[in-house]
Amino acid sequence: LLQLPLEHNHSLFLFGPRGTGKTSWLKAHVHDALYIDLLDPSEARRFSKDPSYLETVIPPKFAHWVIIDEIQRIPELLNVVHRLIEARKIKFILTGSSARSLRRKGVNLLAGRALIYHMHPLVIQELGDAFTLNHALKFGLLPKTFDTPDPRDFLEAYIGTYVREEVQQEGLTRNIGDFNRFLEVASFSQGHVVNASKIARELEIDRVVITNYFDILEDLLIGIRLTAFSKRAKREVIAQKKFYFFDAGIYRSLRSAGPLDTDAELDGAGFKTVFLQHLRAINDYHKLRYKIHFWHTVNDLEVDFVIYGEHGLHAFEIKRSKKVTSDSLKGLRAFKEDYPQATLHLLHLGDHTEYHSDITARPFTEALRQLPAIISDKA
């Protein structure tokens, strides 16, 4: 579903977590490009030693795209990129799987000169009949999980790669052991309000460090924190943020299942994650520009996701049950009292769409398929 304006001369940033398929997409769609891979140690050393070396590897009067993969590895290259855009009208596509270094060291140098796009794990609209809810919940929707003999091995290696290559190389934390333990504990916060103080006590680490660890996950694009929706609120809402890993497979890989854990407990957060993955991807790919929130009052009335923007106000509740009950509709009805203009949606595991006054209750997978139309007001 990703579309880049390759026919234009504007340079582009393409951000997305590692493994979402940025490089594969570009190699399939951008032809005759000069490709520079900063994950290649020899390439990285060469450009890190002398960023201006970039000027010498681009042929004179080069009219095609220059792709620099994982630009955050050498943020200083952005100075040279900026100069080449201005002086030689070179067109760049710069991919990145971490926003931290760029934000610290110079992404603003390209403000207005490079359009920003995002890539996400696969969605049901891309997978078609290859999509199964079981796969999405257990292994997530990263492309590699569909063409590897053992998705579990891939996911475990993926986490190790991020910890080793991103966290250690960038010196984001002094104690990698503490960070590894934090990753597992953070998985228990999936889909929940973050209690940094509780996590700090459990790990015996300072609360400020825990907060910094969550910042790192967000900077590396593998963590998402949602704020509570509170536009013209009639009821007091909580101030804390909710946390999600960006992919259900990453969450399940980190979330160790004990003998007392139930499928409902593990899959509950998984369902919400799969929906959030789709919501973020459809929002970006269709340029809908919604802000994504949740709603949770101090009296424990809540709605899983609230999106707000020029296309309206939508509230979504995810229930892991086949039957729609009055209790499952309680949060949405309370939200409607505060925000009469909201469109209300319940996603469930039943087989049929039901209508409960102004709440549309759709089967989960069907709702995923219809999501582009639902949130673009074309349903």
Side-chain angles (χ1 to χ4, degrees), residues 1-2 4 12-30 35-41 43-44 67-73 93-102 116-127 130-132 135-170 172 179-180 183-184 186-187 190 216-224 244-255 270 273-274 276-282 284-285:
L1 294 181
L2 174 70
L4 299 182
L12 311 170
F13 277 113
L14 179 58
F15 289 112
R18 186 87 64 83
T20 47
K22 300 184 298 295
T23 301
S24 297
W25 191 98
L26 290 172
K27 288 184 175 179
H29 292 85
V30 185
Y35 179 70
I36 298 169
D37 181 11
L38 296 183
L39 289 179
D40 182 326
E43 288 276 85
I67 299 173
I68 304 181
D69 217 354
E70 302 297 342
I71 186 67
Q72 81 280 351
R73 288 302 179 96
I93 300 177
L94 311 169
T95 80
S97 57
S98 169
R100 192 178 185 94
S101 294
L102 296 178
I116 296 177
Y117 291 81
H118 296 87
M119 195 162 196
H120 300 271
L122 295 169
V123 290
I124 194 170
Q125 289 77 13
E126 295 169 312
L127 286 165
F131 176 88
T132 68
H135 184 103
L137 290 171
K138 288 187 175 180
F139 306 123
L141 295 169
L142 289 172
K144 194 69 174 177
T145 63
F146 291 90
D147 61 12
T148 187
D150 192 337
R152 286 187 180 88
D153 285 347
F154 162 73
L155 291 168
E156 289 176 4
Y158 182 97
I159 295 297
T161 297
Y162 255 109
V163 171
R164 183 176 63 255
E165 293 187 5
E166 302 294 347
V167 178
Q168 284 186 301
Q169 179 171 325
E170 294 195 24
L172 299 181
F179 190 79
N180 278 324
L183 283 174
E184 181 176 337
S187 70
Q190 186 82 350
I216 289 171
L217 292 182
E218 204 161 25
D219 287 338
L220 295 179
L221 307 181
I222 59 175
I224 306 152
Y244 288 89
F245 283 102
F246 79 100
D247 176 78
I250 299 301
Y251 151 65
R252 285 298 295 266
S253 182
L254 286 166
R255 173 72 160 83
T273 307
V274 171
L276 179 58
Q277 291 177 234
H278 280 75
L279 189 59
R280 297 177 74 227
I282 298 303
D284 280 340
Y285 294 158

Nearest 0.5 Å please: distance from the [atom1] atom of [X] over to the [atom2] atom of [Y].
X    : Y    : atom1 : atom2 : answer
Y251 : I222 : OH    : CD1   : 16.0 Å
L26  : I93  : CG    : CD1   : 5.0 Å
L217 : I224 : CG    : CD1   : 10.5 Å
Y285 : R280 : OH    : CZ    : 10.0 Å
Q125 : F131 : CD    : CZ    : 9.5 Å
L14  : S97  : CG    : OG    : 10.5 Å

Indicate yes or no: at least one non-hydrogen side-chain atom of [X] is less than 4.5 angstrom from one of [Y].
X    : Y    : value
L141 : L127 : yes
I282 : L1   : yes
T23  : I67  : no
H29  : L4   : no
Y244 : Q190 : yes

Please name the pair of heavy atoms, one in [X] and one in [Y], separated by the smallest distance, quoted to 0.1 Å.
X    : Y    : value
A136 : A248 : O-CB, 3.4 Å
F245 : T273 : O-CG2, 3.6 Å
S98  : L221 : N-CD1, 4.2 Å
M119 : P17  : O-CD, 3.7 Å
P143 : G19  : CD-O, 3.1 Å
L2   : E126 : N-OE2, 4.4 Å

### Message
Pairing donors with acceptors under 3.5 angstrom, does anything connect the side chains of D69 and Y35?
### Response
yes

### Task
Step by step, work out the side chain to side chain contact (heavy atoms under 4.5 Å, CB included) result for L220 and F246.
CA-CA 10 Å; L220 295 179; F246 79 100; over 6 Å; no

With distance as the sole test, does [X] use its side chain to make a donor-acceptor pair with the main-chain N or O of [Y] at under 3.5 Å?
X    : Y    : result
T20  : P121 : no
Q277 : H120 : no
K22  : H118 : no
E43  : I36  : no

### Task
Could I get the full list of ring-ring contact (aromatic ring centres under 6.0 Å, His included) partners for H278, not counting sequence neighbours?
none

Under 3.5 Å, which donor-acceptor pairs do the side chains of residues 145-157 form with other protein atoms, sequence neighbours left out?
unit_1: T145; atom_1: OG1; unit_2: H135; atom_2: NE2; d: 3.0
unit_1: T145; atom_1: OG1; unit_2: L142; atom_2: O; d: 2.7
unit_1: D150; atom_1: OD1; unit_2: R152; atom_2: N; d: 3.0

